[in-house]
Protein chains: 2
Amino acid sequence: MAHVTTPPTRPEEDAAAATSEPAPPSPPTIYDVAKAAGVATSTVSRAFSRPGRVNAETAARVRRIAEEIGYRTNPMARALHTGRTSLLALVVADVTNPFFFEIIRGAEAAAAEKGYTMLVADVQESAESERLALDRTLPLVEGLVLATSRMSDSSIRVAAKQRPTVVLNRVMTDVTSVVTDNRRGTRAAVEHLVGLGHRSITYVAGPEASWVDGVRWRTLHEAGQELGLRVRRTAPQAPTLDGGRSAAQAVLATPSTAVVAYNDLLAIGLCQELAARGTDVPGDRSVVGFDDIFGADFCSPPLTTVAAPLRATGAHAVGLLLEQVGTRRPVVHRPALLPARLVVRRSTGPAR
Amino acid sequence: MAHVTTPPTRPEEDAAAATSEPAPPSPPTIYDVAKAAGVATSTVSRAFSRPGRVNAETAARVRRIAEEIGYRTNPMARALHTGRTSLLALVVADVTNPFFFEIIRGAEAAAAEKGYTMLVADVQESAESERLALDRTLPLVEGLVLATSRMSDSSIRVAAKQRPTVVLNRVMTDVTSVVTDNRRGTRAAVEHLVGLGHRSITYVAGPEASWVDGVRWRTLHEAGQELGLRVRRTAPQAPTLDGGRSAAQAVLATPSTAVVAYNDLLAIGLCQELAARGTDVPGDRSVVGFDDIFGADFCSPPLTTVAAPLRATGAHAVGLLLEQVGTRRPVVHRPALLPARLVVRRSTGPAR
DNA sequence: CAAACGATGGCAACCGTTTGTCATCGGGTT
DNA sequence: AACCCGATGACAAACGGTTGCCATCGTTTG
């Protein structure tokens, strides 16, 4: 028996259905309310938007009648005149990357709290479709949060010129940004490893286009210098499980007893492949990731990682965004630095 | 060259700000294009929407000029008149649940391909905020996909009356739905376990409000009867890692050698807790999940699971939705059944 | 008692597109 | 030469709210 996937449309529908429902009744407008209440449309409008502007009694009556009729203000009509759509866009490189989960959550919650709706656009790691998505959504929204944009700074500026914008995990001079404190986070990781006796660390690099990758590597490098460590770096990897797996070879080729990976996905992939090759983590090598994504606690072994305040990042970004949305003139804050926190699990241990 | 648009009496804002940027230039409208091209606005409009309706030459000229000026049609103005917003909403119970990743991806891709933008709304497992989200988004969108709605059938019908709607993982008589073939999937899991010698299975139940939970349990129960198995069921659990952990106690209290969990999250949580209590999986108990979410392959042990065609589900739902969007009269298809597939990994093994 | 005033509500002009309807025009028919 | 016709483009009326401005009215103030 075959699985019926697309049952064809049934053509007899029209005639049959016409009996059940008489007509698609168009929803009541402000005119209907005005007529029913015996006032002008302007009064109805103001009863909602400027409660002080009309007599309290009148306003109450209008609202009651609107309620009865089932009136709901048409957001498009409002937007046409005011420009206020109550829509915000959050552009993420990849919705399926757990890194964005809590960011989305935080952003959405903060937006909803202020009466805004979040439009989440997934651009599948491509600058091209990111531009496309912006084209589509920019005219609709009042503000923009770019989480890990893959576009150039100048493309971002173009967008930022059109709508208030906040970027995440990337620092720009003329666009407000929110980043986690990668320097401190990285240092915490290094100190943790040093405390366990490690004297040599390999960094598994992420995408070259990543601003954050640069920061993490540089800090690691500096810290290494200061503390007299031997620090190495692999070739850039895609920030995925597969990227991590394919870095195993390079890692095993080094004598480093500790590995710091660009992010958790990479770290988890690496652990998998190391295990497959008979290398024990943390017995033979210690592994640290970044971000503390979903899964970092139930992979094997549970991952020691520099946790990013993902949810707070999303929420904070929206907060900053909303500050700008009202004002005519764009406000650029200096980068907000959110604290990172080292979470020690079982992928790190004493050096061999 | 300046195309003087509509000179809206702009009382030259504060002098101070005027230094940085001259003025927030309002984007060009159809009027600007019309004037520049020396035609009426209707011609401009039709040059885009009804290319056949105007002289090909004129149309080309208009479009060229529009391009030069940087004209983009204002979606709100269009929507106000036509009702077409090119927006679809996908309501998910929990964006941070990996179950939805590929559904979102599939839906978004299918929507984008047809020129629609997906609005993803997270309702945090609450019927209350689901209603709220619908209130906010319903007037904006042309169609609705409800993935695992937590609302009652009647609430769903109310929404479906206002906009074309497709529900996922739930079967309703008068709303189009897309579900995975849970019956076959469940049977496959049971047969797999029986093949390994298990004669007694415990089902770790999911939320009572879940339609899918009912199907899975009933099928499991039936299959048990037919095959002469001993089948038990735990109390309902939240479909999360924690839910899985807290089910461990109940599972250990049974003599069942195999466990089928409502979903992967539950299964993974259960495995964790079993491990913590010294129970070996699959040595002492075999565990099967549902859905094959992100993480099912790298948890410990990698999970045997009934994989749902998540991406196809999302895409298919949008396909069905878009069929209805054009038509005035709602079309209800019968439920589309998408095939499930058993993925055997290492959480199942021979019965003790 | 007149002038001034604050509160309140209505009028009408937008916001930017779409689209039904109508006028015009050049050309082909008869 | 009268007529009809298709093609093309302009006019103007929506779509559903918002808001600046004015008229009215009952009060307060000098």
Side-chain angles (χ1 to χ4, degrees), chain A residues 24-63 65-66 69-87 138-140 142 326, chain B residues 3 5-11 24-63 65-66 69-87 138-140 142 326:
Chain A
S26 60
T29 74
I30 204 172
Y31 290 94
D32 302 320
V33 179
K35 191 178 303 173
V39 297
T41 62
S42 48
T43 304
V44 178
S45 173
R46 288 196 266 252
F48 288 106
S49 53
R50 301 238 188 312
R53 182 62 177 70
V54 354
N55 186 309
E57 244 175 67
T58 317
R61 186 164 51 88
V62 167
R63 282 207 288 273
I65 293 186
I69 294 190
Y71 165 76
R72 318 242 32 186
T73 133
N74 177 327
M76 264 99 61
R78 184 218 297 290
L80 182 54
H81 190 258
T82 62
R84 305 202 315 97
T85 58
S86 298
L87 247 33
L138 216 53
L140 280 173
E142 294 184 53
Chain B
H3 7 345
T5 67
T6 41
T9 42
R10 186 168 296 145
S26 58
T29 74
I30 205 171
Y31 290 96
D32 303 318
V33 179
K35 192 178 303 177
V39 298
T41 61
S42 47
T43 305
V44 178
S45 173
R46 289 197 260 254
F48 288 105
S49 53
R50 301 237 187 316
R53 182 63 177 69
V54 348
N55 188 309
E57 243 174 68
T58 316
R61 186 164 50 87
V62 167
R63 282 206 289 272
I65 294 186
I69 293 188
Y71 165 76
R72 319 242 33 188
T73 130
N74 177 327
M76 263 101 58
R78 185 217 297 287
L80 181 55
H81 191 262
T82 62
R84 304 201 317 98
T85 58
S86 297
L87 246 34
L138 216 52
L140 281 173
E142 293 184 54

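Here the structure is a predicted model, which means the values were calculated and not measured. Naming: A, B, ... by sequence-line order, numbering from 1 per chain.
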So does [X] get a side-chain nitrogen or oxygen closer than 4.0 Å to the phosphate oxygens (OP1/OP2) of [N]?
{"X": "Thr29(A)", "N": "dG16(D)", "value": "no"}
{"X": "Thr41(A)", "N": "dG17(D)", "value": "no"}
{"X": "Tyr71(A)", "N": "dG17(D)", "value": "yes"}
{"X": "Thr43(A)", "N": "dG10(C)", "value": "yes"}

Counting the atoms with a prime plus P, OP1 and OP2 as sugar-phosphate, which does [X] contact under 4.0 Å by heavy atoms, base, sugar-phosphate, or nothing?
{"X": "Ser45(A)", "answer": "base"}
{"X": "Val44(A)", "answer": "nothing"}
{"X": "Arg84(A)", "answer": "nothing"}
{"X": "Ser49(B)", "answer": "nothing"}

Note: for Ala77(B) and Val54(B) on DNA chain D, the residue whose nearest nucleotide lies more 5' is Val54(B)
Ranking Ala40(B) and His81(B) by the position along DNA chain D of their nearest nucleotide, the one closer to 5' is Ala40(B)
No-H, no-angle donor-acceptor pair, [X] side chain to [N] base, under 3.5 Å:
{"X": "Arg46(B)", "N": "dG9(D)", "answer": "no"}
{"X": "Ser42(B)", "N": "dC11(D)", "answer": "yes"}
{"X": "Arg78(B)", "N": "dG16(C)", "answer": "no"}

Between [atom2] on [N] and [atom1] on [X], what's the gap in Å once rounded to a whole number?
{"X": "Ile30(B)", "N": "dT19(C)", "atom1": "CD1", "atom2": "C1'", "value": "11 Å"}
{"X": "Arg53(B)", "N": "dC22(C)", "atom1": "CZ", "atom2": "C1'", "value": "11 Å"}
{"X": "Arg50(A)", "N": "dA7(C)", "atom1": "CZ", "atom2": "C1'", "value": "16 Å"}
{"X": "Phe48(B)", "N": "dT18(C)", "atom1": "CZ", "atom2": "C1'", "value": "14 Å"}
{"X": "Met76(A)", "N": "dC15(D)", "atom1": "CE", "atom2": "C1'", "value": "10 Å"}
{"X": "Asn74(A)", "N": "dA14(D)", "atom1": "CG", "atom2": "C1'", "value": "14 Å"}
{"X": "Leu140(A)", "N": "dG16(C)", "atom1": "CG", "atom2": "P", "value": "15 Å"}
{"X": "Asn55(B)", "N": "dG6(D)", "atom1": "CG", "atom2": "P", "value": "18 Å"}

Check: With side chains defined as the heavy atoms from C-beta onward, is the minimum distance between Pro75(A) and Thr85(A) less than 4.5 Å?
Finding: no
Side-chain contact check for Leu80(A): nearest option of dG9(C), dG17(D), dC15(C) is dC15(C)
Subject >> Donor-acceptor contact below 3.5 Å, side chain Thr41(A) vs main chain Tyr31(A) >> reply: no
